[in-house]
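Here the structure comes first, spelled out in structure tokens, and everything after it is commentary.
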Amino acid sequence: MKPNIAGEVGVTRFDPVAKATLGGTTIQFQPNMNYNANVGANYTVYDWGKNALEVEKSKLETELSKTNVEGLKNIYAYQVANLYYGIVYLQKAIEVQKQQLKLVNDNEKIISDRLKQGDALDYDQISVQVRYKNAESRLADLQSQLERQYIYLNSLVGKDIRGSITAQTTFDLGLPELTVDNAYNDAQTSNFDLKTLKEKDLIYERDVKLSQMSLAPSLVANGSVGIKNGYFPRINGEIPSFSDDFKLNSVLGIKLNIPIYSGKKGAYNTSIAKLNREMLKYSVDVTNQALRRDLEQAQNDLKTAQEKMDLSEKLYFRQIMHLNWQNPVLRTVSLPM
């Protein structure tokens, strides 16, 4: 709402200029060389709300930029958290795999003793050796995966974090139990994709209003103050003194600008802005559908993982019981938690 102020310095030559001859005296009413220097200001007194809408739109665009920045932070935070817990998982998996190697190695010793006593076959020993090699290969794969995760996480956080993440880290985040419906409702205010779309809708809403006001008038006040020449006529070609020729001058005025025709530019812009809002509504619907689908899939994955964990636990204890039955000494083996 502040005025626009600008300085101007210029020189203009006119040829020809008006002259009059009276009784042998030639009077030139305007000099050929015209000099002008002034400072002018324009101020929009009233524009029927167009400027206020522009300000609102600019503020909304600023908020959209902030939301985009927060969304990028959220993406990187998710990547870091995903890698962090991936590293914890791999460390725990490596510990379990080492325990498995120890159990298989102990089992191989038992088979070897039984083979010497004639209670086992060469096939049994070869089977155990194959299991041991497979377990070694699995351990090498896990260690390779762990190193790749470290490299990726180091590139994200900008420093080496090896040694700062331990396998004793718990996976219990203390998060509340959420249903798909509750999570979906929470996402309506916290999901950055939806927040971005809603903020864009507010911006397009202002675009529609601004386009509809393209033919609205504006009341503008203007004024200037400066110095120029040409106030004293040239008599018989004589150039007057500086003090006579150059004078301070000022201009004050007010005008009403009324747009009449702009080639339907405003109507086309209004149509485009309305179409953008319409497309945005479809984007919101698509995002919500994808969000619900992902939440349902995540819930299903969680349920499947819990079932697999229960089955793995039962299978692990069966293996321990089998080994204990083969050799009472293994009853003292501690179970990895």
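Heavy-atom basis, side chains included; hydrogens, waters and symmetry copies ignored.
Between D186 and N191 there is no side-chain heavy-atom pair separated by less than 4.5 Å. For the pair N38 and I227, the minimum side-chain heavy-atom distance is 4.5 Å or more. Between N229 and N34, some side-chain heavy-atom pair lies under the 4.5 Å cut-off. Looking only at side-chain heavy atoms (C-beta outward), Y76 and K73 stay at 4.5 Å or farther from each other. Counting heavy atoms from C-beta on, the side chains of R162 and N154 come closer than 4.5 Å. Looking at heavy atoms from C-beta onward, N68 lies in side-chain contact with T196 at the 4.5 angstrom threshold. Side-chain atoms of N74 and E70, non-hydrogen and from C-beta on, never get closer than 4.5 Å to each other. At a threshold of 4.5 Å between non-hydrogen side-chain atoms, the residues E296 and N300 do not count as touching.
Checked against Q145 for a side chain to side chain contact (heavy atoms under 4.5 Å, CB included), the options I94, L90, I87 give a single hit: L90.
In this structure, M213 and G49 approach most closely via the heavy-atom pair CE-C, 4.0 Å. Contact detail for P233 and I27: the closest heavy-atom pair is CB-CG2, 3.9 Å.
Atom-to-atom distance recorded for L280:CG and L275:CG is 12.0 Å, nearest 0.5 angstrom. Between the CD atom of E54 and the OG atom of S58 there is a distance of 6.5 Å, given to the nearest 0.5 Å. With values rounded to the nearest 0.5 angstrom, T304 atom OG1 is found 12.5 Å from M309 atom CE. Summarising the geometry, atom CE belonging to M279 is positioned 10.5 Å from atom NZ belonging to K200; distances are rounded to the nearest 0.5 Å. Residue L72 holds its CG atom at 11.0 Å from OG1 of T67, rounded to the nearest 0.5 Å.
For T179 and N182, the side-chain atoms include at least one donor-acceptor pair closer than 3.5 Å. Side-chain atoms of N32 and D15 include a donor-acceptor pair closer than 3.5 Å.
For K50, there are no side chain to side chain donor-acceptor pair (under 3.5 Å) partners at least two apart in sequence or on another chain. Listed by chain and residue number, N269, T270 satisfy the side-chain contact (heavy atoms from CB on, under 4.5 Å) test with S211 (two or more places apart in sequence, or in another chain).
In this structure a side-chain-to-backbone donor-acceptor pair under 3.5 Å is present from S65 to E61. In terms of modelled atom types and a separation under 3.5 Å, the side chain of D245 and the main chain of P240 share no donor-acceptor contact.
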Check the pair K66, E63 against salt bridge (charged side-chain N to carboxylate O under 4.0 Å, His left out), reporting the backbone distance first and the verdict last. CA-CA 5 Å; K66 291 179 180 179; E63 290 301 318; 3.8 Å; yes
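Electrostatic pairing of E205 and K57 does not count as a salt bridge here, judged by no charged N lying under 4.0 Å from a carboxylate O. For the pair E56 and K59, the salt-bridge criterion is not met [side-chain N within less than 4.0 Å of a carboxylate O].
Under the ring pair (Phe, Tyr, Trp, His ring centres under 6.0 Å) criterion, no residue pair touches residues 12-42, with sequence neighbours excluded.
Geometric assessment of R292 against the ring of Y184 yields a positive cation-pi assignment under the 6.0 Å and 45° thresholds.
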